[in-house]
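Report on the structure given below.
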Amino acid sequence: DVQTFKIGSCGPLTGDAAIYGQAVVNGAELAVNEINASDSKTKFEFQKQDDEADGEKAANAYNTMMDWDMQVLVGPTTTGASLTVSELCYNDRTFMLTPSASSTDVTSGKDNVFQVCFTDPNQGVSAADYMSDNYADAKIAIIYRNDDAYSQGIRDAFKAEAADKGLSVVYEGTFTNDTASDFSVQLTAAQTAGADVVFLPIYYQPASVIFAQAKAMGYAPTFFGVDGMDGILTMPGFDASLAEGVMLLTPFSVNSEDAATQSFVKTYTEKYGVEPNQFA
């Protein structure tokens, strides 16, 4: 007997974080197609929805998929949207597995909500530990988005671990979604403070602006990012030379020699015309 399950996925398929959302639904769709083409007795129907990385729109996307009788949610993609939807899933007893929302608040106290990614504390602590091992004498600046749970969460964990490791944080600059187009004040302050490492626990879109503006003002520190920066190389219009030497923490690399990874990269690239990032 063949059993069929309805699986749904949502994320930002348009807007600033579209590279993530598109990768998540592409990866899910690829898996569904492979399973449905196999001799597995389990089959899936699949639906994807755009939430534009917005909590309210993610709730609407969730309700649309529930009206379709969704049984399993793969998503949402981003932390903010997942904080909203995880509450709905918990109350409705819907199985939720986000591949990429990294705040511990997404799953906390919810026995049917799971995440498969680095958590924010993982990333903040690991980044500080890596710097302690490799840039122990560096002067570090942090630029983060303080109206975003993801960015704030990683920054908090990084700051605490950096203090424990005796790292020198010489400047912290913040921005919001509304001010993410100009970082001249933050970069000038970081440069003036003598920061030779700049930690960016942020998404790829604002990071691309920071790299361009730093180059324009002749400021060339070591930039150190997190998994939200993965995907920047496939961002439309981005000058890839700006990312030369950028460090980032990610659980996936297209250049891995692992056979399963190489097979996945090949299949994905052939189907979607772009290399997968860790969100896929």
Side-chain angles (χ1 to χ4, degrees), residues 2-53 57-58 61-62 64-65 68-79 81-82 85 95-102 114-118 203-205 207-208 225 227-240 243 248-280:
V2 172
Q3 248 191 325
T4 302
F5 292 96
K6 288 191 169 185
I7 188 167
S9 188
C10 67
L13 306 184
T14 57
D16 281 352
I19 285 172
Y20 307 149
Q22 203 65 60
V24 165
V25 300
N26 287 352
E29 189 174 52
L30 202 62
V32 163
N33 291 344
E34 283 183 3
I35 293 164
N36 288 348
S38 75
D39 55 10
S40 168
K41 295 289 188 205
T42 305
K43 305 295 182 191
F44 293 101
E45 289 179 36
F46 180 68
Q47 183 180 132
K48 60 189 176 188
Q49 292 284 332
D50 185 7
D51 65 21
E52 296 177 46
K57 287 173 181 165
Y62 170 76
T64 298
M65 292 186 286
W68 171 68
D69 296 327
M70 173 178 69
Q71 293 159 287
V72 176
L73 173 64
V74 176
T77 302
T78 55
T79 287
S82 291
V85 172
F95 185 94
M96 171 177 157
L97 178 70
T98 172
S100 48
S102 52
F114 302 87
Q115 59 202 153
V116 276
C117 55
F118 292 135
Y203 291 151
Y204 66 86
Q205 223 287 337
S208 71
D227 63 358
M229 210 176 283
D230 195 3
I232 195 167
L233 295 177
T234 57
M235 181 183 168
F238 179 68
D239 174 4
L248 74 113
L249 188 149
T250 173
F252 172 81
S253 168
V254 290
N255 301 317
S256 165
E257 291 173 7
D258 173 65
T261 301
Q262 284 309 308
S263 170
F264 171 68
V265 171
K266 182 172 182 290
T267 307
Y268 186 99
T269 306
E270 284 171 0
K271 181 164 176 62
Y272 298 110
V274 62
E275 287 188 335
N277 55 39
Q278 61 126 0
F279 290 83

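Remember, predicted model here, so these are calculated numbers, not experimental data. For this chain, numbers begin at 1 and follow the sequence in order.
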Can you name the nearest heavy-atom pair linking Ala23 to Tyr268, along with the distance?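 Heavy atoms only, the tightest pair is CA-OH, 3.5 Å.
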Least distance between heavy atoms, Thr269 atom then Val265 atom: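 It is OG1-O, 2.6 Å.
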Under the side chain to side chain contact (heavy atoms under 4.5 Å, CB included) rule, what do Glu275 and Leu233 come out as? Steps first, then yes or no, please. CA-CA 10 Å; Glu275 287 188 335; Leu233 295 177; over 6 Å; no
Quick one: pull up [atom1] in [X] and [atom2] in [Y] and give me the separation to the nearest 0.5 Å.
X: Glu45; Y: Ile7; atom1: CD; atom2: CD1; answer: 11.5 Å
X: Asn26; Y: Lys48; atom1: CG; atom2: NZ; answer: 6.0 Å
X: Thr77; Y: Phe279; atom1: OG1; atom2: CZ; answer: 8.0 Å
X: Met65; Y: Gln49; atom1: CE; atom2: CD; answer: 5.5 Å
X: Ser208; Y: Asp16; atom1: OG; atom2: CG; answer: 9.0 Å
X: Asp51; Y: Lys57; atom1: CG; atom2: NZ; answer: 9.5 Å

For Lys6 and Gln47, run side chain to side chain contact (heavy atoms under 4.5 Å, CB included): C-alpha distance rounded to whole Å, both residues' side-chain angles, the deciding distance at 0.1 Å, then the answer. CA-CA 8 Å; Lys6 288 191 169 185; Gln47 183 180 132; over 6 Å; no
So, do Thr267 and Glu34 sit near enough that their side-chain heavy atoms are less than 4.5 Å apart?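 In contact.
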Donor-acceptor contact present, side-chain [X] to main-chain [Y], <3.5 Å:
X: Ser9; Y: Gly75; answer: no
X: Ser263; Y: Ala259; answer: no
X: Lys271; Y: Leu30; answer: no
X: Tyr204; Y: Ile19; answer: yes
X: Gln262; Y: Glu257; answer: no
X: Asp230; Y: Gln278; answer: yes

Lys266 NZ: over 12 foreign heavy atoms closer than 6.0 Å: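 Incorrect, the count does not exceed 12.
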Check against side chain to side chain contact (heavy atoms under 4.5 Å, CB included), Thr98 and Ser100: CA-CA 6 Å; Thr98 172; Ser100 48; 4.2 Å; yes
Would you sort out whether Phe95 and Phe5 count as a side chain to side chain contact (heavy atoms under 4.5 Å, CB included), showing the intermediate values? CA-CA 12 Å; Phe95 185 94; Phe5 292 96; over 6 Å; no
